[in-house]
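All residue numbers refer to positions in the sequence shown, counting from 1. Remember, it's 1-based here, ligands and their atoms both numbered in the order they're listed.
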Amino acid sequence: MEVWYSSTRNGKIRVRASEAILKGLSEDGGLFVPDRIPELEKSFQELAGMSYQETAYEVMKLYLTDFTKEELEGCIASAYDSKFDTEEIAPLVQADGAYFLELFHGSTIAFKDMALSILPHLMITSAKKNKVKNEIVILTATSGDTGKAALAGFAGVEGTKIIVFYPKNGVSPIQERQMVTQKEENTYVVGIRGNFDDAQTGVKKIFADKELEKRMDEKGYQFSSANSINIGRLVPQIVYYVYAYARLLKKGGIREGDKINVVVPTGNFGNILAAFYAKNMGVPIGRLICASNENKVLYDFFHTGEYDRNREFVLTSSPSMDILISSNLERLIYRIAGNDPEKTADFMKALTGEGRYGITREMREQLGDFYGGYASEEETAETIRILQEKAGYIVDPHTAVAACVYRKYVEETGDHTLSVIASTASPFKFTRSVMNAVAGGADSTDTNAADVGKYDAMTDFELADELASLSGKPMPGAVREIRTAPVVHDRVCGKDEMRRTVEEFLGL
Ligand SMILES: *Cc1c(COP(=O)(O)O)cnc(C)c1O
């Protein structure tokens with residue numbers, strides 16, 4: 001049965017999956033949502049015998065119903081290949097009483113690879129299906145991680161180009177190196193003299209420029225976005241929750257039908273929304289534990305029913321979760337509002353206007369499966385240290401936020417249901433925070449004074465060596481390579497020159 005997509009803000013819109021992927025966002029500013037959440041067709045016994053790629057097909061075919069079997073299998077095979085450093089793609093590792101679902105084995109060692117390695121293939125397939133003749137130009141502003149994951153995903157994919165703008169002095173040295181060493185002809189990376197907001201505003205302006213759109217079309221180009229609200233990024237994320245459950249069954253950690261809890265370090269609410277969809281497809285998930293850092297808008301939302309972005313923005317050691325507007329929450333709001341686009345549009349209008357909205361009691365009652373928690377910076381560092389001491393397992397700060405919230409959840413509720421913690425980045429991506437935490441950072445109580453500040457004089461790469469010897473794990477290829485790779489992108493422009501730079505790249 002075909003699944004159609006409508007907008008969270010306009011019920012009259014009805015498009016197929018491939019059109020939703022090409023568009024990204026609906027014209028009314030709403031997000032595309034499936035008209036129903038399909039049920040899994042295979043039993044978990046059957047799924048337990050499948051590879052990641054086979055599981056991906058079983059899940060994604062239920063949502064992308066206008067893709068043929070060959071098309072979808074082709075996309076999956078191109079995405080989940082040797083770019084990942086393990087055949088399991090998303091391995092489960094048991095440590096300190098929980099299972100860590102490692103989502104960082106792709107080319108940029110962070111979980112965004114799970115979706116961004118397949119999105120380019122879904123997009124060019126969608127373009128072909130919809131008789132789009134133009135080449136797709138992906139335009140992205142990044143504060144670091146997404147830019148690299150998108151570059152790696154689109155690099156060398158025929159029929160696409162990707163242009164990434166980042167704040168020249170606003171990303172970490174490793175993040176910058178990752179981007180400026182990106183190979184392949186179809187990639188363009190530009191530092192701008194300005195901050196992330198300037199980059200984002202500039203990109204939005206270029207997207208909205210009708211005159212430019214017309215000239216692009218004449219030259220055979222059109223823009224698209226690799227934004228995290230694209231349904232082509234959400235659907236691939238549902239897969240690993242189905243896979244994790246099937247794997248646990250295979251390993252004998254659970255029996256069929258047993259419930260598990262999932263814990264997700266959350267920023268834009270994409271990853272945990274995928275877990276929510278998996279639950280509604282029939283994966284026996286009990287609680288969905290939403291972990292925030294000190295930017296705890298979502299914690300407050302789950303505790304009070306009020307979403308309020310009017311607060312100070314905190315820079316933390318888990319930067320990919322430093323977000324005050326969790327865009328994907330709109331899809332959950334739509335659902336608990338009874339799939340009502342008018343109500344959803346009103347809430348989102350209030351969010352844009354006053355920066356806040358409160359949901360009704362009836363809506364709150366439907367959030368019982370969610371639990372919101374948060375971890376302070378001190379707690380996050382302490383969690384990294386304790387996990388290393390107790391279990392010899394080293395996690396990155398994002399994953400540590402989740403592990404900390406999980407511990408608090410068990411203490412508060414006494415619920416010992418087997419839990420899967422989404423592990424969203426390799427510790428090698430955040431060597432400085434991780435090594436400082438392990439050494440007993442400045443804020444922990446039993447600090448060994450000699451260790452404090454001992455890493456200040458080392459570069460991030462030297463710290464990666466330290467981490468490799470401490471963890472006994474080899475340094476991931478992604479870090480090793482960029483250390484010596486030549487810089488191929490050295491372009492810098494003013495924030496008012498972004499459009500001209502794009503025109504130049506495309507020969508307009
Ligand atoms: C993007 C990101 C997150 C947050 O995921 P959302 O889907 O935005 O909630 C968490 N951890 C890492 C490492 C990320 O890159």
Side-chain angles (χ1 to χ4, degrees), residues 31 90 100-117 119 140 142-153 171-172 174-175 178 196 226-241 262-278 288-299 301-302 316-332 370 372-375 380 383-384 394-406 421-431 433-434 476 478:
L31 275 52
F100 288 81
L101 178 62
E102 294 188 348
L103 303 172
F104 56 74
H105 289 272
S107 41
T108 77
I109 57 174
F111 107 96
K112 295 202 171 52
D113 291 330
M114 300 304 296
L116 279 166
S117 43
L119 180 70
T140 305
T142 184
S143 54
D145 279 354
T146 308
K148 175 61 192 183
L151 280 165
V171 301
S172 82
I174 288 196
Q175 284 176 325
Q178 277 192 310
F196 171 65
N227 209 300
S228 92
I229 45 82
N230 195 310
I231 199 82
R233 275 187 66 179
L234 182 63
V235 171
Q237 294 187 52
I238 303 169
V239 175
Y240 46 74
Y241 291 105
V262 300
V263 193
V264 186
T266 300
N268 229 341
F269 210 75
N271 200 353
I272 193 163
L273 186 77
F276 175 74
Y277 275 42
L288 298 144
I289 300 170
C290 174
S292 300
N293 63 22
E294 289 181 4
N295 294 293
K296 57 182 185 58
V297 202
L298 288 165
Y299 166 85
F301 170 71
F302 285 116
T316 73
S317 56
S318 44
S320 299
M321 296 156 70
D322 290 344
I323 283 174
L324 293 181
I325 297 185
S326 301
S327 321
N328 268 300
L329 185 67
E330 180 168 343
R331 290 192 166 108
L332 181 65
F370 285 91
Y374 77 99
T380 304
T383 302
I384 295 176
I394 303 183
V395 297
D396 96 289
H398 302 77
T399 309
V401 166
C404 175
V405 167
Y406 171 62
I421 298 175
S423 180
T424 52
S426 160
F428 282 95
K429 194 148 192 176
F430 298 94
T431 48
S433 310
V434 170

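- Looking at Lys148, its side chain never comes within 3.5 Å of a backbone N or O of Ser107 through a donor-acceptor pair.
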Table of N or O contacts for ligand 1, cutoff 3.5 Å:
{"from": "ligand 1", "atom 1": "7 (O)", "to": "Gly270", "atom 2": "N", "distance (Å)": "3.2"}
{"from": "ligand 1", "atom 1": "7 (O)", "to": "Asn271", "atom 2": "N", "distance (Å)": "2.9"}
{"from": "ligand 1", "atom 1": "8 (O)", "to": "Asn268", "atom 2": "N", "distance (Å)": "2.7"}
{"from": "ligand 1", "atom 1": "9 (O)", "to": "Gly267", "atom 2": "N", "distance (Å)": "2.8"}
{"from": "ligand 1", "atom 1": "9 (O)", "to": "Asn268", "atom 2": "N", "distance (Å)": "3.2"}
{"from": "ligand 1", "atom 1": "9 (O)", "to": "Phe269", "atom 2": "N", "distance (Å)": "3.0"}
{"from": "ligand 1", "atom 1": "11 (N)", "to": "Thr424", "atom 2": "OG1", "distance (Å)": "2.8"}
{"from": "ligand 1", "atom 1": "15 (O)", "to": "Lys112", "atom 2": "NZ", "distance (Å)": "2.5"}
{"from": "ligand 1", "atom 1": "15 (O)", "to": "Ser320", "atom 2": "OG", "distance (Å)": "3.4"}

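- Remark: the backbone N or O of Ser292 is not paired with any side-chain donor or acceptor of Thr266 at under 3.5 angstrom.
- Using the six-membered ring where Trp is involved, Tyr299 and Tyr374 have ring planes that are perpendicular, over 60° apart on the 30 and 60° scheme.
- Taking each heavy atom of Ala478 and Ile109 in turn, the nearest pair found is CB-CG2, 4.0 Å.
- Listed for the Asn328 side chain is a donor-acceptor partner under 3.5 Å among the backbone atoms of Ser228.
- Checking side-chain atoms of His398 against main-chain N and O of Ser320 turns up a donor-acceptor pair under 3.5 Å.
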